[in-house]
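Here's the structure, in structure tokens; my notes come after.
Chain letters run A, B, ... following the sequence lines, proteins first, then strands; residues in each count from 1. All values reported here derive from a predicted model rather than from experimental measurement.
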Protein chains: 2
Amino acid sequence: MPRAVTVGLHAAIVAVTEEEPRVLTVPAGAVDRRVAALPFGPLDPDRHRTLELGLRAWVHEQTGMDLAYVEQLYTFGDRDRAVAADGRTLVLAVAYLALVRERQVAGHAAAWQGIYGVLPWEDRRDGEPQILRDRIRPALAEWVDAAPEDSVRRERRGRADITFGSGAAPWDSERVLDRYELLYEAGLVAESVRDREPAPHVVRAVSPHAGVGAPLALDHRRILATALGRLRGKLKYRPLVFELLPDTFTLFQLQRTVEALVGVRLHKQNFRRLVERGSLVEGTAQLEPDTGGRPAELFRFRREVLHERPAPGVGLPGLPGGH
Amino acid sequence: MPRAVTVGLHAAIVAVTEEEPRVLTVPAGAVDRRVAALPFGPLDPDRHRTLELGLRAWVHEQTGMDLAYVEQLYTFGDRDRAVAADGRTLVLAVAYLALVRERQVAGHAAAWQGIYGVLPWEDRRDGEPQILRDRIRPALAEWVDAAPEDSVRRERRGRADITFGSGAAPWDSERVLDRYELLYEAGLVAESVRDREPAPHVVRAVSPHAGVGAPLALDHRRILATALGRLRGKLKYRPLVFELLPDTFTLFQLQRTVEALVGVRLHKQNFRRLVERGSLVEGTAQLEPDTGGRPAELFRFRREVLHERPAPGVGLPGLPGGH
DNA sequence: CCTGGTAATTCTCAAAATGAGTATAATAAC
DNA sequence: GTTATTATACTCATTTTGAGAATTACCAGG
């Protein structure tokens with residue numbers, strides 16, 4: 001009996017508030033009552049003229065939000081990781097990234113959740129996070145050694161080194177998905193345990209403490225990882241940050257927002273130089289007095305750059321110590 | 001009556017032979033007998049464990065090829081541009097990019113087709129192509145003026161300027177899809193005429209001379225544009241070119257391949273410097289004598305870079321005249 | 001009014017990277 | 001040999017980085 005295919009539309013809606021990147025979640029309800037989910041719903045070809053319009057409709061329905069910036073991320077369709085409750089319908093997941101200005105919340109049951117609660121190993125603003133040192137690296141080392149064959153061990157070690165950085169290879173902030181997938185494979189996130197359950201259509205809630213970081217429903221943590229990776233990459237050559245900032249902002253606010261997303265600290269003076277030399281912003285005459293020290297000038301995004309240069313992004317001046 | 005959804009898997013299989021990027025096509029058969037199609041087939045959730053495996057299966061069946069490098073591009077799902085022959089089934093298209101070494105062809109009815117026959121405005125290796133000057137720019141100017149309102153005219157002019165370059169904005173080789181979509185909207189490619197037919201489920205072949213460049217079946221030219229754009233962008237930070245080259249090659253062959261893909265000429269000495277400094281390649285001791293002048297050393301790709309640097313790509317040293 | 005404290009903003013300076021050539025080397029054809 | 005042709009090596013001025021010092025403008029407290 002041929003299985004059917006249905007298509008789900010999923011949204012990772014990202015904002016940065018108080019120097020913390022957050023994602024909008026809704027109660028997972030029927031899917032899994034222990035964890036939150038990203039807003040999502042099935043594509044209905046009658047009502048939805050395009051995939052993106054379908055996504056917007058679902059998001060509006062579940063969170064009351066009208067999205068501005070929306071971008072398609074990826075379409076997931078592995079049978080092992082996304083099967084409907086009936087056990088025989090394959091559910092494709094078309095994932096989207098949306099950027100919104102800090103909390104134009106959202107009554108409904110929607111809630112903002114810190115992204116680094118879900119992907120705690122991704123925040124290196126205060127150096128390598130505890131959880132990486134104390135739990136992930138040791139567990140990865142175990143996973144490497146657990147392979148029976150030597151060739152597999154070498155291959156695993158190589159992968160761990162590139163994705164999480166090591167002596168030779170530096171930390172690459174964009175490899176968010178690679179890292180999540182590695183943790184999934186190594187059994188370090190709750191989802192890998194869950195998906196391995198013998199009867200995949202029986203929804204079994206797994207203790208949130210089974211793995212590292214807070215799990216989300218379905219494969220939503222994977223989608224979030226995809227979203228963060230894409231966002232980090234694109235920041236450098238598209239003026240996406242401004243979707244997340246208020247109309248006017250100080251350069252330091254801008255920097256803090258970028259740092260929050262990329263998960264590393266940047267060199268202040270050089271960041272300012274890059275932003276100004278790229279003519280991404282223009283000063284308003286106004287000052288923001290509440291800085292704690294000298295007042296900062298308020299800037300606004302210069303939309304014109306879009307017509308001037310091919311790839312206007314913020315660029316990341318390496319942080320003092322980093323390579 | 002609710003429409004159904006089916007999912008098609010489509011492959012843009014790219015190779016570079018004789019300094020010309022090509023894409024593998026198959027006869028479109030039932031879909032449209034006048035034009036070629038990319039290899040594609042419906043996702044069958046029974047046989048295909050993942051989307052990518054389904055794609056590989058279809059490609060193998062239609063072309064006899066086993067793909068190595070495969071990457072998902074985008075999922076298209078606009079109702080207006082992709083509806084099944086029955087007129088009521090929405091057909092999602094999940095598009096993939098594959099890279100293969102020059103023609104390990106492929107009996108079957110598959111044939112290689114020059115990409116710049118399909119997207120002729122993308123090849124600027126000998127300067128701005130005729131077709132851009134003689135047909136596209138004038139037609140775009142007309143399209144701009146055809147708008148009744150002034151604001152729309154301004155907006156159209158802006159878009160044309162950014163996507164196709166103009167006084168202020170330079171040519172951005174990566175905006176391949178933007179350019180194709182603009183031509184589609186302006187009615188300059190055959191597909192826009194075809195899709196506007198009153199009864200969209202009646203397949204009407206449109207004269208290939210109705211527009212600029214050789215059309216492909218369905219929305220396959222759009223997929224190809226997506227593929228070329230992605231490839232051009234990714235070249236710079238991932239060592240993709242080597243998927244297209246034989247095991248050993250001269251630096252000039254490497255350069256010609258990159259130029260073929262990006263569609264511009266590069267500065268020879270500086271290209272060599274970038275490639276060597278990036279330690280992307282290592283010399284074999286062998287020489288290639290048939291250069292027409294001094295023999296060139298043969299190089300091979302250093303796979304180790306993948307473990308050393310986060311984003312190893314070739315980098316494009318601006319061509320002499322270009323900005 | 002003067003004195004720190006705290007940030008914002010401006011400058012400096014050496015070290016790389018880039019753009020654009022020029023010079024030299026190794027072949028093949030005449 | 002001489003010449004054409006291409007590979008490879010070197011040069012050099014100009015930008016762009018990375019890193020940090022110096023200066024400026026406000027606040028709070030004496």
Side-chain angles (χ1 to χ4, degrees), chain A residues 19 170-171 236-237 248-259 262 264-300 309-323, chain B residues 19 170-171 236-237 248-259 262 264-300 309-323:
Chain A
E19 304 186 9
W171 175 266
K236 292 169 194 140
Y237 61 94
T248 65
F249 46 82
T250 69
L251 292 182
F252 197 51
Q253 263 179 282
L254 173 59
Q255 179 179 346
R256 284 302 189 206
T257 305
V258 172
E259 288 177 342
V262 181
V264 296
R265 292 259 168 255
L266 305 174
H267 185 281
K268 188 166 171 175
Q269 295 94 321
N270 292 345
F271 178 81
R272 154 186 295 267
R273 176 171 63 187
L274 279 185
V275 171
E276 288 192 308
R277 227 199 348 74
S279 27
L280 283 166
V281 297
E282 63 192 356
T284 68
Q286 304 159 67
L287 296 182
E288 160 67 49
D290 291 332
T291 65
R294 172 175 172 174
E297 186 172 4
L298 285 168
F299 289 78
R300 84 165 60 83
R309 295 191 297 124
V314 290
L316 310 179
L319 72 172
H323 167 224
Chain B
E19 303 184 10
W171 175 267
K236 290 169 195 138
Y237 60 94
T248 65
F249 46 82
T250 70
L251 292 182
F252 197 50
Q253 262 179 282
L254 173 60
Q255 179 179 346
R256 284 304 189 204
T257 305
V258 172
E259 288 177 343
V262 182
V264 296
R265 291 260 168 255
L266 305 174
H267 186 283
K268 188 164 170 175
Q269 297 91 324
N270 292 346
F271 178 80
R272 155 187 295 269
R273 176 170 63 188
L274 279 185
V275 171
E276 290 192 307
R277 226 199 349 73
S279 27
L280 283 166
V281 297
E282 62 191 356
T284 68
Q286 305 158 67
L287 296 182
E288 160 67 48
D290 290 332
T291 65
R294 170 175 172 174
E297 185 173 4
L298 285 169
F299 288 78
R300 84 164 60 83
R309 295 192 297 126
V314 290
L316 310 179
L319 73 173
H323 167 225

Round to the nearest Å and state the distance from B/Arg309 atom CZ to C/dA17 atom C1'. 13 Å
Between D/dT17 atom P and A/Phe271 atom CZ, what is the distance in whole Å? 14 Å
Counting only N and O atoms by type, is there a donor-acceptor contact under 3.5 Å from the side chain of A/Arg309 to the main-chain atoms of A/Gly278? yes
Minimum heavy-atom separation for B/Pro312 to B/Leu280, with atom names? CB-CD2, 3.9 Å
Counterpart residues, side chain to side chain donor-acceptor pair (under 3.5 Å), relative to B/Arg256 (two or more places apart): B/Glu259
Round to the nearest Å and state the distance from B/Asp290 atom CG to D/dA7 atom P. 12 Å
Integer-rounded Å distance: D/dT16 P and A/Lys236 NZ: 20 Å
In this structure, how many angstroms lie between the P atom of D/dA19 and the CZ atom of A/Arg265, rounded? 16 Å
Considering only heavy atoms from C-beta outward, does the side chain of B/Arg300 approach that of B/Leu298 to under 4.5 Å? no
Taking the side chain as every heavy atom from C-beta outward, state whether A/Phe271 and A/Leu251 have any atom pair closer than 4.5 Å. no
Intra- and interstrand pairs of DNA chain C - dot-bracket, Watson-Crick/G-U under 3.5 Å, | marks other strand: ||||||||||||||||||||||||||||||
Expected output: side-chain A/Gln286 to main-chain A/Glu288 donor-acceptor under 3.5 Å: no
Could you state the CG-P distance from A/Leu266 to D/dA19, rounded to the nearest angstrom? 12 Å
Donor-acceptor contact below 3.5 Å, side chain B/Glu297 vs main chain B/Phe299: no
Sequence-aligned protein contact record of nucleotides 9-16 of chain C, with B where the base is within under 4.0 Å of a protein heavy atom and S where only the sugar-phosphate is: BB------
Nearest heavy-atom pair of B/Pro295 and B/Pro289: which atoms, and what distance? CB-CA, 4.0 Å
